[in-house]
Amino acid sequence: ILQDNPLPRHRFFGREEALFEMKELAATGRKCLIVGMGGLGKTELLRQLIRVCEEEQIVDKIAIVPYEGDIIESFARSFPGFQRQAPDESFRSILRRLTKEGKQSRVLLLIDNLTNSPETDPELKKLLSLPCSILISSRRNCMEGMETYLLEQPSIGTGSLIFRDNYGR
């Protein structure tokens, strides 16, 4: 989903401040959980961030992981070059690669739609040691070791414009 085309610039509005803050998070190597209820635009915000990071060269490399099942499964699906190994070994190999890349260049790891907690998916804790920026979208409220960025609901006026612009009513 994250790799789908983002909305055109003229159709993405009401989240400019959030996008600016995501750019700062991406550029500074921080680890942040972007939280909010479903349908607020967390995934679209990450899509827009990908475009901005590429255009403005905020980072050198971007790794994109749609979360489904657990982090090991999600990484295995997202990095097909590592699929010849067992999933656990594949995950460790990917972490080593991200560590190496993160030490040599500016890397942004984006994980979309995190549903589990570190208690139910303990391998998530290993991400905290990576030397790269990490932004994770989730409906969960917090994750130890990560900053939390609460994506607020748009104002009624902005919501009306978004609806009208996208649905023509």
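Atom set for the values below is all heavy atoms of this structure, side chains included, hydrogens, waters and symmetry mates excluded. Throughout, residue positions are numbered sequentially from 1 according to the sequence presented.
Side-chain atoms of Thr148 and Asn141, non-hydrogen and from C-beta on, never get closer than 4.5 Å to each other. Contact annotation: the side chain of Met146 never approaches that of Leu127 to less than 4.5 Å [non-hydrogen atoms, C-beta and beyond]. When side chains are defined from C-beta on, Leu25 does not count as touching Leu49, because their heavy atoms never get closer than 4.5 Å. Residues Arg139 and Thr115 have side chains not in contact (no heavy-atom distance under 4.5 Å, counting atoms from C-beta outward). Side-chain contact between Thr28 and Ser133 is absent, with no heavy-atom pair separated by less than 4.5 Å. With a 4.5 Å cut-off on side-chain heavy atoms, Leu114 and Leu124 count as touching.
For the atom pair CD (Gln48) and NZ (Lys23), the distance works out to 12.0 Å, reported to the nearest 0.5 Å. Atoms OG and NZ, from Ser105 and Lys100 in turn, are 10.5 Å apart once rounded to the nearest 0.5 Å. Rounding to the nearest 0.5 Å places CD1 of Ile136 at 11.5 Å from CG of Asn113. Once rounded to the nearest 0.5 Å, the distance linking CZ of Arg92 with CD of Glu123 reads 8.0 Å. The line from CE of Met143 to SG of Cys32 is 11.5 Å long, rounded to the nearest 0.5 Å.
Under the 3.5 Å distance criterion, with hydrogens and angles disregarded, a donor-acceptor pair is assigned to the side chains of Arg96 and Ser93.
For Arg97, the CZ atom counts as loosely surrounded, since its 6.0 Å shell holds 12 or fewer non-hydrogen atoms of other residues, nucleotides or ligands. Within 6.0 Å of the CD atom in Gln57, the count of heavy atoms belonging to other residues, nucleotides or ligands does not exceed 12.
Among residues two or more places apart in sequence or in another chain, the side chain to side chain donor-acceptor pair (under 3.5 Å) test is passed with Tyr149 by Glu21. Remark: Arg30 engages Glu147 in a side chain to side chain donor-acceptor pair (under 3.5 Å) (not counting sequence neighbours). Remark: Glu55 engages Arg9 in a side chain to side chain donor-acceptor pair (under 3.5 Å) (not counting sequence neighbours). Qualifying side chain to side chain contact (heavy atoms under 4.5 Å, CB included) partners for Leu150, counting only residues two or more places apart in sequence or in other chains: Val35, Glu152. In terms of the side chain to side chain donor-acceptor pair (under 3.5 Å) criterion, Gln153 has no residue partners (sequence neighbours excluded).
For Met22 against Leu45, the heavy-atom pair with the smallest separation is CG-CD2, 3.9 Å. Listed here is the closest heavy atom pair of Ser90 and Gln85: CA-OE1, 3.1 Å. Heavy atoms only, all atoms of each residue included: Ser138 and Leu33 are closest at CB-CD1, 3.8 Å. Scanning all heavy atoms of the two residues, the minimum distance from Leu128 to Lys31 falls at O-CE, 3.1 Å. The shortest heavy-atom contact between Lys42 and Gly36 is NZ-O, 2.9 Å. The minimum heavy-atom distance linking Leu95 with Leu130 is given by the pair O-CD2, 3.6 Å.
Using a 4.0 Å cut-off between a side-chain N of Lys or Arg and a carboxylate O of Asp or Glu, Arg51 and Glu54 do not qualify as a salt bridge.
By the rule that hydrophobic residues join a cluster once side-chain heavy atoms approach within less than 4.5 Å of another member, Leu46 and Met37 end up as members of one cluster.
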Between side-chain atoms of residues 60-76 and protein atoms elsewhere (two or more places apart, or another chain), which donor-acceptor pairs fall under 3.5 Å?
unit_1: Asp60; atom_1: OD1; unit_2: Arg106; atom_2: NH2; d: 3.0
unit_1: Asp60; atom_1: OD2; unit_2: Arg106; atom_2: N; d: 2.8
unit_1: Asp60; atom_1: OD2; unit_2: Arg106; atom_2: NE; d: 3.4
unit_1: Lys61; atom_1: NZ; unit_2: Glu101; atom_2: OE1; d: 2.4
unit_1: Tyr67; atom_1: OH; unit_2: Asn116; atom_2: ND2; d: 3.0
unit_1: Tyr67; atom_1: OH; unit_2: Asp121; atom_2: OD2; d: 2.5
unit_1: Asp70; atom_1: OD1; unit_2: Ile72; atom_2: N; d: 3.1
unit_1: Asp70; atom_1: OD1; unit_2: Glu73; atom_2: N; d: 2.8
unit_1: Ser74; atom_1: OG; unit_2: Glu68; atom_2: N; d: 2.8
unit_1: Ser74; atom_1: OG; unit_2: Glu68; atom_2: O; d: 3.1
unit_1: Ser74; atom_1: OG; unit_2: Asp70; atom_2: O; d: 2.8

